[in-house]
**Student:** 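Okay, here's the structure, questions in a sec.
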Amino acid sequence: MSEPVEKERSLNFLEQIIEEDLRNGKHGGRVATRFPPEPNGYLHIGHAKSICLNSGLAKKYGGTFFLRFDDTNPSKEETEYVDSIVNDVKWLSGDSLENRIFFASDYFGRMYDWALELIKKGKAYVCDLSGEQVRETRGTPTVPGTPSPNRNRSVEENLDLFERMRQGEFPEGSRTLRAKIDMGSPNFNMRDPVMYRIVKAAHHRTGDKWCVYPMYDWAHGLEDSIEKITHSICTLEFEHHRPLYDWFLDQLDDIFRPRQYEFARLGLTYTVMSKRKLLELVKGRFVNGWDDPRMPTIAGLRRRGYTSESIRAFCRTIGVAKFNSTIDLLMLENAIREDLNKRALRRMGVLHPLKVVIENYPEGQTEELEAINNPENEADGTRLVPFSKTLYIEQDDFREDAPKKYFRLAPGKEVRLRYAYYITCTDFKKDADGNVIEVRCTYDPATRGGSSPDGRKVQGTIHWVSVEHALDAEVREYDRLFTKPNPDDPSDPTDFKAYLNPDSLRVLTGCKLEPSLKDAKPEDRFQFERLGYFCLDPGSTPEKPVFNRTVSLRDSWAKEEKK
RNA sequence: UGGGGAAUUGUGUAAAGGCAGCACGAAUGGCUCUGAACCAUUUAGUCGGGGUUCGAAUCCCUGUUCCCCAGCCA
């Protein structure tokens with residue numbers, strides 16, 4: 001036996017960077033990360049990757065993790081979004097976030113003072129060009145931009161004009177504060193980027209206190225610096241903003257120096273991840289709100305029955321790198337199945353009821369049979385399930401003409417009712433349209449509990465619910481929202497909504513569930529035997545229970561039958 | 001045709017010059033009071049071409065492909 005080689009090092013590139021910084025004693029061994037959303041929409045599974053990454057890194061290295069709202073554009077931001085984001089990040093990270101929620105808008109004063117510092121150093125100027133003129137003078141990838149006519153204004157004039165901008169003296173869009181860097185840079189971000197613009201809109205937190213608002217590039221590094229973030233982690237598209245991020249910080253004296261690192265954002269098959277498009281789905285009523293269980297939002301996944309643990313596990317397994325990848329939705333489904341298999345309580349529920357009469361079972365008799373709550377966890381114990389002469393089984397579980405390898409109920413065949421008895425089909429009835437509406441069976445009293453004293457085996461075990469005891473419920477089955485693996489495909493001119501899956505939501509009424517389910521709470525997780533994982537919808541009432549299907553069980557029979 | 005990134009089995013992700021590993025998928029078999037889960041086995045990969053080296057996914061040269069950038073959005 002050879003010893004396992006010293007190959008423990010399966011660190012992602014960010015962990016490698018952090019560990020090297022730790023070895024070098026950078027920041028005194030301190031690690032601080034943050035998740036910096038703009039409150040302009042609900043968080044989705046793509047954000048989950050960033051949240052898990054940032055909070056996970058902080059946890060792993062004994063550091064701190066902040067939630068910071070990058071609320072620098074009042075025209076797009078709302079309090080509703082702030083609330084939902086706080087809720088989602090707390091839920092996902094399992095972190096109370098106490099005293100660790102910040103707002104960029106709280107730093108506006110300091111940012112303004114630093115802007116004055118840049119002006120005084122001759123590194124920033126007030127520009128009178130209109131937005132259109134700025135665009136026209138920015139140049140192209142191969143042609144340098146042309147300098148603003150105001151580029152060489154005196155410090156005094158800049159100071160005066162900037163102060164008057166802040167006072168609200170000038171109309172929106174009439175002037176900007178720009179950094180004086182390099183109009184000939186091949187990196188557009190360095191061609192005298194705008195630091196402040198005039199926006200006369202009420203900010204969701206500061207109201208009308210300000211009418212100049214900092215741009216992302218100017219603000220972000222300062223926010224990180226104020227919070228003493230050591231590792232400022234963002235997505236790949238900000239790579240060419242890094243030189244500017246560094247440039248701004250380089251101009252300021254006595255300021256904490258964070259570093260920016262970039263990783264690839266999450267791509268998921270059959271999933272639209274753009275906030276703009278998700279908003280379109282909500283506004284166009286293609287879904288029932290941001291927390292519609294079909295949405296890839298954190299709120300939607302939560303309502304669908306996903307656990308935060310499973311989403312975190314998913315983020316762990318997909319890893320992090322700088323390659324723009326698209327992860328198969330199966331990975332997410334695997335993560336939730338794996339988690340729910342361990343924790344979900346097993347219950348019986350019939351989604352498409354078919355009546356079964358046990359001919360030789362005494363009329364009016366009821367008995368209670370013991371069923372295991374979760375074979376994966378003995379501590380969950382057992383429960384009693386009522387049994388009687390008339391039952392419901394799943395329509396799928398009876399076939400008039402059974403295929404060769406079908407081992408459920410069919411004329412003359414014997415199956416086991418889970419935790420109950422062996423039954424043998426003797427007859428069945430059809431309605432005028434030829435649909436099977438009732439199955440007649442006999443049971444073997446010696447098989448009580450589900451096993452036969454003579455040792456004879458049955459191939460199939462099916463679930464059931466007693467008619468007179470059944471709980472009536474509505475069940476909602478969800479499928480992928482889109483039919484195309486990548487509805488986001490930019491090379492496809494067709495509107496992404498053309499790929500909406502018409503069958504993404506199936507509402508099943510008249511489902512018959514085991515009576516114990518009437519005490520279900522939304523936080524409970526259930527596996528309906530042989531069907532899938534479900535949870536009580538938070539919006540449902542005792543009078544009208546609604547269950548959401550989180551994910552179905554794998555079904556190798558369906559695959560077999562397709563052949 | 002400027003600049004910045006990236007490329008490892010079907011999909012992702014490791015290997016810091018030394019056995020190309022892991023997860024998901026797929027296939028096969030086993031087990032089973034869930035056709036689930038679980039267990040076992042198998043499958044399949046270093047973008048191309050040169051070079052350095054005893055030895056290259058890794059270093060050098062070169063080519064290719066993909067992504068991002070011309071908001072007073074973030």
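Numbers restart at 1 for each chain; the letters A, B, ... are given by sequence-line order, proteins then strands.
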**Student:** Sticking with atom P, work out how far B:C22 lies from B:G45, rounded to a whole angstrom.
**Tutor:**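 My reading of the P atoms in B:C22 and B:G45 gives 15 Å.
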**Student:** Provide, to the nearest angstrom, the distance between the CD1 atom belonging to A:Ile372 and the P atom belonging to B:A36.
**Tutor:**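 It works out to 18 Å between those atoms.
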**Student:** Closest approach to the side chain of A:Met215, judged atom by atom: which nucleotide of B:G25, B:C72, B:G5 is it?
**Tutor:**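 Out of B:G25, B:C72, B:G5, the nucleotide with an atom closest to A:Met215's side chain is B:C72.
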**Student:** Let me confirm one number: the CD1-OG distance from A:Ile318 to A:Ser325, rounded to the nearest 0.5 Å.
**Tutor:**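 Rounded to the nearest 0.5 Å, the CD1-OG separation comes out at 7.5 Å.
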**Student:** With rounding to whole Å, what would you report as the distance between B:G51 and B:U58 at their P atoms?
**Tutor:**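 One P to the other, the span is 14 Å.
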**Student:** Using atom P of each nucleotide, how far apart are B:G18 and B:G3 to the nearest Å?
**Tutor:**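 Here B:G18 and B:G3 have their P atoms 34 Å from each other.
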**Student:** Rounding to a whole Å, what distance do you find between A:Phe314:CZ and B:A23:P?
**Tutor:**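 Roughly 17 Å, once rounded to whole Å.
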**Student:** Tell me whether the side-chain N/O atoms of A:Arg197 come closer than 4.0 Å to OP1 or OP2 in B:G71.
**Tutor:**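 The answer is no; no side-chain N or O of A:Arg197 sits under 4.0 Å from OP1 or OP2.
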**Student:** Side chains of A:Glu223 and A:Tyr216: any donor to acceptor distance under 3.5 Å?
**Tutor:**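 There is no such pair (donor and acceptor under 3.5 Å, judged by atom type) between the side chains of A:Tyr216 and A:Glu223.
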**Student:** Taking the P atom in each of B:U8 and B:C66, what is the distance between them to the nearest angstrom?
**Tutor:**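 To the nearest whole Å, 14 Å.
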**Student:** Nearest to the A:Leu330 side chain among B:G35, B:G12, B:G25, which nucleotide is it?
**Tutor:**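 Shortest atom-to-atom distance from the side chain points to B:G25.
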**Student:** Quick check for you: among B:G12, B:U34, B:G5, whose closest atom lies nearest to any side-chain atom of A:Arg530?
**Tutor:**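 Among B:G12, B:U34, B:G5, the one nearest the side chain of A:Arg530 is B:U34.
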**Student:** Quick one, A:Pro144 and A:Met183 - any side-chain contact, counting heavy atoms below 4.5 Å?
**Tutor:**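 No - every pair of side-chain heavy atoms lies 4.5 Å or more apart.
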**Student:** Say you pick atom C1' in B:C47 and the same atom in B:C54; how far apart are they, in whole Å?
**Tutor:**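 These two C1' atoms come out 27 Å apart once rounded.
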**Student:** Pick the C1' atom in B:U1 and in B:A7, then give their distance to the nearest Å.
**Tutor:**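 Pairwise C1' distance, B:U1 against B:A7, rounds to 23 Å.
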**Student:** When you get a sec, tell me which of B:G5, B:U13, B:C67 is the closest nucleotide to the side chain of A:Ser325?
**Tutor:**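 The nucleotide sitting nearest to the side chain is B:U13.
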**Student:** What's the closest nucleotide to the A:Lys322 side chain, out of B:C72, B:G5, B:A15?
**Tutor:**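 Looking only at heavy atoms from C-beta outward on A:Lys322, the closest nucleotide is B:G5.
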**Student:** If you only use heavy atoms from C-beta on, which nucleotide in B:U11, B:G2, B:C73 is closest to the side chain of A:Asp328?
**Tutor:**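 Of all the options, the side chain of A:Asp328 is nearest to B:U11.
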**Student:** Would you mind classifying the nucleic acid contact of A:Pro375 as base, sugar-phosphate or nothing, using non-hydrogen atoms under 4.0 angstrom?
**Tutor:**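 Base contact - A:Pro375 has a heavy atom under 4.0 Å of at least one base atom.
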**Student:** Would A:Phe407 count as stacked on B:G35 if the rule is ring centres under 5.5 Å and plane angle under 30°?
**Tutor:**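 Stacking between A:Phe407 and B:G35: present.
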**Student:** Which listed nucleotide (B:G3, B:C73, B:G35) is nearest to the side chain of A:His240?
**Tutor:**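 Within the option list, the nearest is B:G3.
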**Student:** Check each of A:Arg408, A:Met348, A:His463 against A:Glu394 using the side chain to side chain contact (heavy atoms under 4.5 Å, CB included) test, and report the only one that passes.
**Tutor:**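 The passing option is A:His463.
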**Student:** Starting at atom CG of A:Leu177, determine the distance to atom C1' of B:G71, rounded to an integer number of angstrom.
**Tutor:**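 In whole Å, B:G71 C1' lies 17 Å from A:Leu177 CG.
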